[in-house]
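Note that these values count all heavy atoms, side chains included, but never hydrogens, waters or copies made by symmetry. Since this is a predicted model, take the numbers as computed values, not measurements.
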Amino acid sequence: MVRRLLTPIVAVLVVLALLVGVFLGGHPGLLPSFARNALVSDSDGRVYEEAVDKIAADYYRKIDRKKLLNDSLTAAVASLKDRFSHYIDPSQYHAFEESTNGEFEGVGLNVEQIPAGLRVVTVFDGGPARKAGLRKGDEVVGVGGKSLKGVKSDRSTDLIKGPAGTSVRLTILRGGRRFDKTVQRDSVSVPVSQERIATRNGTKYGYVSLAQFTSGAHGAVGANVRKALKAGAKGIVLDLRDNGGGLLQEGVLVASVFLRDGTVVTTRGRARAEKTYAASGDAIAANVPVVVLVNRGTASASEIVTGALQDRARATVVGTRTFGKGVFQEIEGLTNGGALDITVGQYFTPKGRNLGPHAGKPGGITPDVRVTDDPKTARDEALDRALAVLAGK
């Protein structure tokens, strides 16, 4: 009789013990120190939670836990001292995905940072900035009455971007003349690739530009290159100036428009196996001469394409030294809706070159033909030289 009564009592005690254990496991601060050290693993994550709990409970001002988390992750990534690695908070991640897809809400400008603010590099056709009369070479020195002098480019562009239908007042400097221009923001589709026929001494050449390596960029480039050849072009200028890169796979596929097979790029990382990407697809004829236009704004996937075509003797590179980004990043999503954009490896051209800076020497690709475009003139000196190089092939 006694044995029959003990069995259900023991069962109840076991269940209670499990429940208490689960509760204390999630609230280690309630345990005495000796038990906490013995029974609870001293993980970094638990220490962080403990610190946040104490700050939330004891700091003399009320804190926003989500903001504290975002600031903590931002500081953690910043401690890597890697200018290409970033924490993207949930509110920024949506905008990041939009830019990767080639669509965003703003005024339709591609810019570069200057001491006074931003210089307009490209004004997208059909966009709000084009309709408002902004031009290549304009300097945006203020937004909403606030100076952009000394402001980082990402912060400046964030001030210009905004929901479609809203307006932004830009202060423009053009040829020594300063004026304000109010531009109504809209949904902007970045024209991934543009094409036109350029003629030199009666010979047609195809000019194909690429703004960034977003999803589907290779299809647009391939279609434009073939369109130019069908129109009678005897050579192709691929303009990658101020193209800061994008998706690595798109870079491999763009190179495949000009290379039938063989190595395009090799990647290596501490936690990533070495991988070699080869050209694939329906390349144009190998006897079609190609020139790649580059400048200091040519980076990442743009350098992968340029380096592959230069190493494989498929194209002549014209312009100035490129940016020199010899590493690549991956986007890793987090459960809070944000993401880590962190450097995970290096890439190497077919001849084994890593294009990042080394031993105090600048990185980047040295052009075969050096020429600098003057942004203050309407003439495109670099393109003129590229066409001359094609004419001499």
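The number of heavy-atom neighbours closer than 6.0 Å to CZ of Arg135, taken from other residues, nucleotides and ligands shown, is 12 or below. Around NZ of Lys146, the count of heavy atoms belonging to other residues, nucleotides or ligands within 6.0 Å does not exceed 12. Applying the 6.0 Å contact sphere to CZ of Arg272 captures more than 12 heavy atoms from other residues, nucleotides or ligands.
In this structure, Phe84 shares a hydrophobic cluster with Phe323, Val327, the cluster being traced through Ile, Leu, Val, Met, Phe, Trp and Tyr side chains under 4.5 angstrom apart.
The cationic group of Arg46 does not satisfy the cation-pi geometry with Tyr48, failing either the under 6.0 Å distance to the six-membered ring centre or the 45° limit from the ring axis.
Nearest heavy-atom pair across Gly244 and Ser300 is O-CB, 3.6 Å.
Residues Thr349 and Asp311 bring a donor and an acceptor atom of their side chains to less than 3.5 Å of each other. Residues Asp242 and Asn295 bring a donor and an acceptor atom of their side chains to less than 3.5 Å of each other. With hydrogens and angles left out, the side-chain atoms of Thr320 and Arg296 include no donor and acceptor closer than 3.5 Å.
Under a 3.5 Å cut-off, the side chain of Thr322 and the backbone N or O of Ile365 do form a donor-acceptor pair. Within the 3.5 Å criterion, the main-chain N or O of Gly324 finds a donor-acceptor partner in the side chain of Glu303. Between the side chain of Ser147 and the backbone N or O of Lys149 there is at least one donor-acceptor pair closer than 3.5 Å. Judged by distance alone, the side chain of Arg312 and the main-chain N or O of Thr263 form a donor-acceptor pair under 3.5 Å. Judged purely by atom type and a 3.5 angstrom limit, Gln113 uses its side chain to pair as donor or acceptor with the backbone of Val151. Using a distance-only test at 3.5 Å, with no hydrogens or angles considered, no donor-acceptor pair links the side chain of Thr316 to the main chain of Val291.
Partners of Ser187 under the side chain to side chain donor-acceptor pair (under 3.5 Å) rule, at least two apart in sequence or in another chain, do not exist in this structure.
Asp64 has no carboxylate O lying under 4.0 Å from a charged side-chain N of Lys66, or vice versa, which leaves the two without a salt bridge.
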